[in-house]
Each structure stands twice: as C-alpha cells, then as structure tokens.
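Here's the structure we're looking at; comments come further down.
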Amino acid sequence: QVQLVESGGGLVQPGGSLRLSCLASGFTFSRNAMWWYRQAPGRERELVASISREGSTRYADSMKGRFTISRDNAKNTVYLQMNSLKPEDTAVYYCSAWVNVYGSRYWGQGTQVTVSS
C-alpha cells in the first residue's frame, strides 16, 4: 500500500529555514514523480514544487527561488528545503506522489509549518 509520511514541520521565525521530509513506501519510488503542496488557512491547496523521476524540478512562482525540492532514491525520501521563510508560508505542507502503475495521486497527512515572530 502506498504511504507518504511527512516530517520536519514546526515553528520558525521569519527569515528562518526548515527542511521537510517525506518518506514514501508501497511503490517504486525512483520511477515516480513527487510533489509538495501546501494549504494555508482560508486558501486553496496550492502547488509548491515537483520533481520528476529524472530529477527535473519545478516551482510555483510564489516560491521565488527560496525553496528547493530534492530526492534521495536510496532512502525513498523527497525533501523540501525552505529558506527565507515568510509568515505567508504558514500552511500545512503535503507530500504527494503520482504513482504511474496505479494512475493515481496519493497524499500524506501533512506537516504544519508556522512562520511567526
């Protein structure tokens, strides 16, 4: 069964950094693209970043180069390095996988990131 477990969220001051991790299981991790989304209070869930099976990355415009997505196939883990955090980045961050063999998207339970002074 597909499982995605996020970790690394927490409280950080504006300008600070966090690294989120998502441990994946239940599918061949290296053969699938991975995604990070977030959902802030009162807002729709939005795309943060994605990384292909080949390692190609894409970012939402609002990230403005502050975030970096990466993957470690040996650890079945995708990361989101978040720098220069702003209060507007406060949200629940979700890891997502598009699993090709199932033709379906899967979601983790999310990890809370709070940016506040």
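Treat the numbers as computed from the prediction; the structure is a model and nothing was measured.
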So, taking the atom named [atom1] in [X] and the one named [atom2] in [Y], what distance separates them when rounded to the nearest 0.5 Å?
{"X": "M34", "Y": "T77", "atom1": "CE", "atom2": "OG1", "value": "9.0 Å"}
{"X": "F67", "Y": "R19", "atom1": "CZ", "atom2": "CZ", "value": "15.0 Å"}
{"X": "Q81", "Y": "L20", "atom1": "CD", "atom2": "CG", "value": "8.5 Å"}
{"X": "S30", "Y": "R71", "atom1": "OG", "atom2": "CZ", "value": "7.0 Å"}

Side-chain touch [X]/[Y], heavy atoms, less than 4.5 angstrom:
{"X": "D89", "Y": "R66", "answer": "yes"}
{"X": "E6", "Y": "Y93", "answer": "no"}
{"X": "K75", "Y": "S21", "answer": "no"}
{"X": "V78", "Y": "F29", "answer": "yes"}
{"X": "P14", "Y": "V115", "answer": "yes"}
{"X": "Y79", "Y": "I51", "answer": "no"}
{"X": "V12", "Y": "S17", "answer": "no"}

If I compare all heavy atoms of [X] with all of [Y], which pair ends up nearest, and what's the gap?
{"X": "V113", "Y": "G9", "result": "CG2-CA, 4.1 Å"}
{"X": "G8", "Y": "L18", "result": "O-CD2, 3.8 Å"}
{"X": "A91", "Y": "Q112", "result": "O-NE2, 3.4 Å"}
{"X": "R38", "Y": "M63", "result": "NH2-CE, 3.4 Å"}
{"X": "G26", "Y": "V2", "result": "O-CG2, 4.0 Å"}

TODO: Mind checking side-chain contact (heavy atoms from CB on, under 4.5 Å) for S96 and listing every partner two or more places apart, or none if nothing turns up?
DONE: W35, Y37, R105, W107
Task: Residues E54 and S56: side-chain donor-acceptor under 3.5 angstrom - done: no
- [ ] Kindly check if the number of other-residue, nucleotide or ligand heavy atoms within 6.0 Å of CD (Q109) is above 12?
- [x] no
Open item on the list: Check whether N100 reaches the backbone of R31 with its side chain - one donor and one acceptor, N or O, closer than 3.5 Å.
Closed with: yes
Is [Y] reachable from [X] through a run of I, L, V, M, F, W or Y residues, each pair having side-chain heavy atoms under 4.5 Å apart?
{"X": "Y94", "Y": "Y59", "result": "no"}
{"X": "V92", "Y": "L47", "result": "yes"}
{"X": "L80", "Y": "L4", "result": "yes"}
{"X": "W98", "Y": "Y106", "result": "no"}

